[in-house]
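Order of the sequence lines sets the chain letters (A, B, ...), proteins ahead of strands, with each chain counted from 1.
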Amino acid sequence: MDNKLQVANALATVLKDQLSVADIQNKIEMPKTSDLGDLAFPTFMLAKALRKAPQQIAADIVAEIDQTGFEKVVATGPYVNFFLDKKLVGANILHEILTDGAAYGNNTDGEMRNVPIDMSSPNIAKPMSMGHLRSTVIGNALANILVKNGYNPVKINHLGDWGTQFGKLMVAYKMWGSEAEVKADPINTLVGYYVRFHEEAKANPELDDQGRAWFKKLEDGDVEAQQLWKWFRDESLQEFLNIYDQLEITFDSFNGEAFYNDKMDEVVNLLEDKGLLVESQGAQIVDLEKYNLPVAMIKRTDGATLYMTRDLAAAMYRKREYDFDKSFYVVGGEQREHFQQLKAVLKEAGLAWADDIEHIPFGLITVDGKKLSTRSGRIILLQDVLDDAVKLANEQINDKNPDLANKEQVAKEVGVGAVIFHDLQNERMNSFDFNLAEVVRFEGDTGPYVQYSNARANSILRKAGNPDLVNAELSLTDAAAWDTLKLLGEFPATVRRALNDREPSVIAKYALHLSRAYNKYYANSKILVEDNEKDARLALVQAVSIVLTESLRLLGVHAPKEM
RNA sequence: GUCGGGCUAGCUCAGCUGGAUAGAGCAACAGUCUUCUAAACUGUAGGUCAUGGGUUCGAAUCCCAUGCUCGACACCA
């Protein structure tokens with residue numbers, strides 16, 4: 001950052017015989033607490049060359065360095081600590097945020113290149129669980145973060161609308177089902193059939209064969225199978241759309257697995273031409289021994305296709321359709337090997353862009369330490385969680401702010417926001433055991449805490465008459481505001497890091513830190529008092545609101561102005 | 001068995017490319033609402049960073065080994 005460069009340049013004039021500006025810049029770090037300064041340079045690595053103690057070196061540097069432009073430069077033990085000019089730096093940050101508004105932190109790194117994101121992808125005829133929430137909200141946040149970094153994301157809901165499970169479902173429906181029952185409560189009824197199928201198949205493995213046979217019929221265009229499939233799919237999609245509506249998440253494409261039915265010959269032919277397709281135990285496979293991976297199965301013994309076949313077709317279609325820069329797959333970590341295989345097969349086929357395919361895995365949500373599973377009935381319905389959260393938010397509002405206008409709307413934004421934020425605040429790969437009380441908490445490190453911080457900031461701005469402060473005097477000498485100002489200045493770098501790490505949690509944690517710093521400031525400083533820094537304080541409040549609102553937006557969470 | 005993830009305070013987790021006394025939240029205890037929304041703020045207490053080696057001026061962070069745990073391992077997705 002600019003400040004870092006300023007420090008590095010100042011140091012370079014003293015250390016030009018030892019280190020380059022780039023080297024110095026690399027070594028500069030941020031002290032743990034701001035009473036040690038804003039940026040620090042450790043001198044350990046110069047000890048050998050200069051044959052002096054690090055403490056002495058730090059003291060010597062301070063004696064020689066030009067301190068112009070800094071509040072002060074001091075030696076603390078083996079460190080040279082730099083204190084920035086708070087008035088100047090703070091005013092610059094505030095001015096930039098007030099000028100840019102929601103565009104603060106935008107960059108053009110992506111040069112508008114396409115990045116399809118395979119996300120959400122629920123299975124037809126199964127309810128949406130907490131597990132699908134992860135892929136959905138991580139994918140959505142990454143899409144927002146991509147836009148912020150100048151990319152053009154394409155949100156693809158790769159619906160699980162094809163595969164052997166439909167054969168099984170059809171067998172179950174024909175044995176135990178009724179049309180009226182399904183129509184009354186589609187997904188719950190269908191999933192009931194599915195669970196029963198698996199129970200009965202344990203004692204009667206012949207059912208599995210029947211399931212596979214019906215899937216084969218479906219692939220071969222059997223009329224009854226196709227009608228059933230379409231019916232199950234339509235009913236399911238309606239329920240999914242309802243949930244996406246509540247989450248306010250939209251997609252650019254609903255091309256699921258079935259979409260690739262007529263695009264798989266291309267894959268099979270390509271693999272055949274390259275001599276990669278071999279027969280093994282009656283099935284068609286690609287050997288991946290040289291990648292130290294298990295074989296990729298392309299066609300079953302009965303000729304039906306598999307997940308891998310459809311994913312290969314999808315990858316090729318997306319390359320052709322979007323000419324992507326990167327192709328993201330927000331899919332659970334347990335499928336890691338599948339994506340390694342996918343890339344390996346494409347690579348073997350001579351497609352260099354295979355390297356641009358990126359699996360973005362996430363950890364498991366468990367119940368009582370065990371993996372969720374539709375088959376076993378161990379499942380947490382997303383709708384139930386959302387309902388609970390909104391209900392609780394409603395109670396909270398009636399308790400704390402009963403006169404609030406738009407109560408229903410705000411309760412939705414807070415309740416749903418809490419659930420989304422909870423899923424995004426920790427590192428993707430972390431697994432967590434589901435705990436409703438934890439998910440719908442509104443205190444401490446939570447989404448509502450961030451929302452509340454923003455709502456209070458807006459309350460002050462309202463009281464001040466929402467002044468336009470872009471051209472006001474924005475110098476702030478109040479030391480209590482400094483931590484907040486510094487954090488505000490770090491937002492653009494945070495936006496970049498979130499994308500580089502493919503980690504929405506980077507944004508979530510930033511929002512929590514900024515909220516905490518601001519709340520601390522706000523609790524101890526009076527904003528609305530008439531003195532010559534009132535505009536600057538209000539500008540700080542406004543900047544906090546802008547950046548918190550934008551952070552939440554990136555995560556897919558609303559920032560109500562009142563709550 | 002092979003491969004991968006995890007192991008930091010009672011619980012849930014931070015800790016950026018190795019650096020200054022290891023930080024938050026929850027829970028516990030003690031405070032703060034006649035003053036900009038107490039969904040907040042302040043303080044107290046709480047840690048052999050799984051274990052054992054190694055590299056380094058310096059390791060929670062890098063390397064090796066061990067343990068525990070979760071997950072994946074061709075006709076499911």
*Of all the nucleotides listed (B/rA77, B/rC73, B/rA24), which has the minimum atom distance to the side chain of A/Asn123?*
B/rA77
*asked:* Angle between ring planes, A/Tyr518 versus A/Tyr522, binned at 30° and 60°: parallel, tilted or perpendicular?
replied: tilted
*Report yes if a donor N or O on one partner sits less than 3.5 Å from an acceptor N or O on the other, where the partners are the side chain of A/Asn81 and the base of B/rA20; otherwise report no.*
yes
*I would like to know whether A/Tyr329 and A/Phe339 meet ring-ring contact (aromatic ring centres under 6.0 Å, His included); could you show each step before the answer?*
CA-CA 9 Å; A/Tyr329 291 79; A/Phe339 287 101; 5.0 Å; yes
*Identify the heavy atoms of A/Glu408 and A/Asn394 that sit nearest to each other, and give their distance.*
OE2-ND2, 4.0 Å
*Would you classify A/Tyr449 as touching base, sugar-phosphate or nothing, given that sugar-phosphate means primed atoms plus P, OP1 and OP2, and contacts are heavy atoms under 4.0 Å?*
sugar-phosphate
*asked:* Over all strands shown, is A/Met563 touching base, sugar-phosphate only, or nothing at heavy-atom distances under 4.0 angstrom?
replied: base
*A/Lys520/A/Asp483 salt bridge by N-O under 4.0 Å criterion*: no
*B/rU34 pairs with which nucleotide, Watson-Crick or G-U wobble, both distances below 3.5 Å?*
none
*Among residues 36-57 of chain A, which residues get a heavy atom nearer than 4.0 Å to RNA chain B?*
A/Ala40, A/Phe44, A/Lys48
*Let me know the distance between CH2 of A/Trp214 and C1' of B/rC75, rounded to the nearest Å.*
21 Å
*Pick base, sugar-phosphate or nothing for A/Arg537, based on heavy-atom distances below 4.0 Å to the nucleic acid.*
nothing
*Looking at every strand, decide which applies to A/Gly333 at a 4.0 Å heavy-atom threshold: base, sugar-phosphate, or nothing.*
nothing
*On RNA chain B, nearest-nucleotide positions of A/Pro78 versus A/Asn401: which is more 5'?*
A/Pro78
*A/Asn261 side chain to A/Ala258 main-chain N or O, any donor-acceptor pair under 3.5 Å?*
yes
*Would you confirm whether A/Arg428, through its side chain, and A/Arg502, through its main-chain N or O, come within 3.5 Å as a donor-acceptor pair?*
yes
*When you compare B/rC26 with B/rG46, how far apart are their C1' atoms, in angstrom units rounded to a whole number?*
13 Å
*Spacing of A/Ile527 atom CD1 relative to B/rU35 atom C1', expressed in whole Å*: 13 Å
*Decide if atom CE of A/Met30 counts as having more than 12 heavy atoms of other residues, nucleotides or ligands within a radius under 6.0 Å.*
no
*With respect to the side chain of A/Asn430, which nucleotide from B/rA14, B/rC76, B/rG5 is positioned closest?*
B/rA14
_Without decimals, in angstroms, what is the distance between A/Gln396 CD and B/rU37 P?_
17 Å
*Taking the inter-plane angle between the rings of A/His338 and A/Tyr307 on a 0 to 90° scale, is it parallel (under 30°), tilted (30 to 60°) or perpendicular (over 60°)?*
parallel
*Counting only Watson-Crick or G-U wobble pairs whose two distances fall under 3.5 Å, which nucleotide matches B/rU51?*
B/rA65
*Could you tell me whether A/Arg462 contacts a base, only the sugar-phosphate backbone, or nothing, with contacts defined as non-hydrogen atoms closer than 4.0 Å?*
nothing
*What is the nucleic acid contact for A/Ala455, judged by heavy atoms within less than 4.0 Å: base, sugar-phosphate only, or nothing?*
base
*Are A/Gln409 and A/Glu413 close enough that a side-chain donor and a side-chain acceptor fall under 3.5 Å?*
yes
_Complementary nucleotide of B/rG10, counting Watson-Crick and G-U pairs under 3.5 Å_ = B/rC26
_For A/Asp302 and A/His513, find the nucleotide of RNA chain B closest to each by heavy atoms; which residue's nucleotide sits nearer the 5' end?_
A/His513
*Could you check which of B/rA14, B/rC75, B/rC41 has an atom nearest any side-chain atom of A/Lys520?*
B/rC41
*Taking atom P in both B/rC7 and B/rC11, compute the distance separating them and give it to the nearest angstrom.*
14 Å
_Expressed as a whole number of angstroms, how long is the span from A/Arg300:CZ to B/rA74:P?_
15 Å
*Report the C-alpha distance between A/Arg212 and A/Asp209 in whole Å, list the side-chain angles of each, state the deciding distance to 0.1 Å, and finish with yes or no for salt bridge (Lys or Arg N to Asp or Glu O under 4.0 Å).*
CA-CA 5 Å; A/Arg212 275 191 283 272; A/Asp209 294 334; 3.0 Å; yes
*Is A/Arg233 salt-bridged to A/Asp161, going by a charged N under 4.0 Å from an acidic O?*
yes
*Of the nucleotides B/rC36, B/rA24, B/rA77, which one has an atom closest to the side chain of A/Tyr307?*
B/rA77
*Report the distance from atom NZ of A/Lys27 to atom P of B/rU56, rounded to the nearest whole Å.*
15 Å
*When only distance counts, do a donor and an acceptor, one from the side chain of A/Ser453 and one from the base of B/rA40, lie under 3.5 Å apart?*
no
*asked:* Both distances below 3.5 Å, Watson-Crick or wobble geometry, any strand: find the nucleotide opposite B/rA60.
replied: none
*So which pairs with a foot in residues 389-398 of chain A pass salt bridge (charged side-chain N to carboxylate O under 4.0 Å, His left out), sequence neighbours left out?*
none
*Starting from P on B/rG71, measure out to CZ on A/Phe362 and report it in whole angstrom.*
15 Å
_A/Glu29 CD to B/rU61 C1', straight-line distance once rounded to whole Å_ = 13 Å
*Taking the same atom, C1', in B/rA65 and in B/rC76, what whole-Å distance lies between them?*
37 Å
*Using a cut-off of 4.0 Å on non-hydrogen atoms, how would the nucleic acid contact of A/Ser431 be classed: base, sugar-phosphate, or nothing?*
sugar-phosphate
_Just to be sure I understand the rule, does A/Leu293 reach a base, reach only the sugar-phosphate, or reach nothing, if contact means heavy atoms closer than 4.0 Å?_
nothing
*In the structure shown, which nucleotide is the Watson-Crick or G-U wobble counterpart of B/rA72, with both distances under 3.5 Å?*
B/rU2
_Within the 4.0 Å heavy-atom criterion, would you say A/Thr164 contacts the bases, only the backbone, or no part of the nucleic acid?_
sugar-phosphate
_Using a heavy-atom cut-off of 4.0 Å across all strands, would you classify A/Gln281 as base, sugar-phosphate, or nothing?_
base
*Quick one: A/Glu413 CD to B/rA39 C1', roughly how many Å, whole number?*
16 Å
*asked:* Side chain of A/Pro294, heavy atoms from C-beta onward: which of B/rA20, B/rC13, B/rC73 has the nearest atom to it?
replied: B/rC73
*asked:* Please pick, from B/rC41, B/rA77, B/rC13, the nucleotide with the shortest atom-to-atom distance to any side-chain atom of A/Phe432.
replied: B/rC13
*asked:* Say we look at B/rA24 and B/rG67: how far apart would their C1' atoms be, to the nearest angstrom?
replied: 30 Å
*Please tell me which of the listed nucleotides, B/rA40, B/rA77, B/rA24, lies nearest to the side chain of A/Tyr452?*
B/rA40
*Of the candidate nucleotides B/rU17, B/rU37, B/rA77, which contains the atom at the shortest distance from the side chain of A/Tyr522?*
B/rU37
*Roughly how far apart, to the nearest Å, are B/rG31 and B/rC36 at atom P?*
24 Å
*Which of the following nucleotides, B/rC36, B/rA40, B/rC3, is nearest to the side chain of A/Asn519?*
B/rA40
*asked:* Starting the side chain at C-beta, find the nucleotide from B/rG5, B/rC76, B/rC41 nearest to A/Arg516.
replied: B/rC41
*asked:* What's A/Glu427 touching, base or sugar-phosphate or nothing? Going by heavy atoms closer than 4.0 Å.
replied: sugar-phosphate
_For a quick check of understanding: with a heavy-atom distance under 4.0 Å over all strands, which category does A/Ile285 fall into, base, sugar-phosphate or nothing?_
base
*So what does A/Ser280 touch, heavy atoms closer than 4.0 Å: a base, only the sugar-phosphate, or nothing?*
base
*How far, in whole Å, is B/rC70 from B/rU12 if one measures between their P atoms?*
15 Å
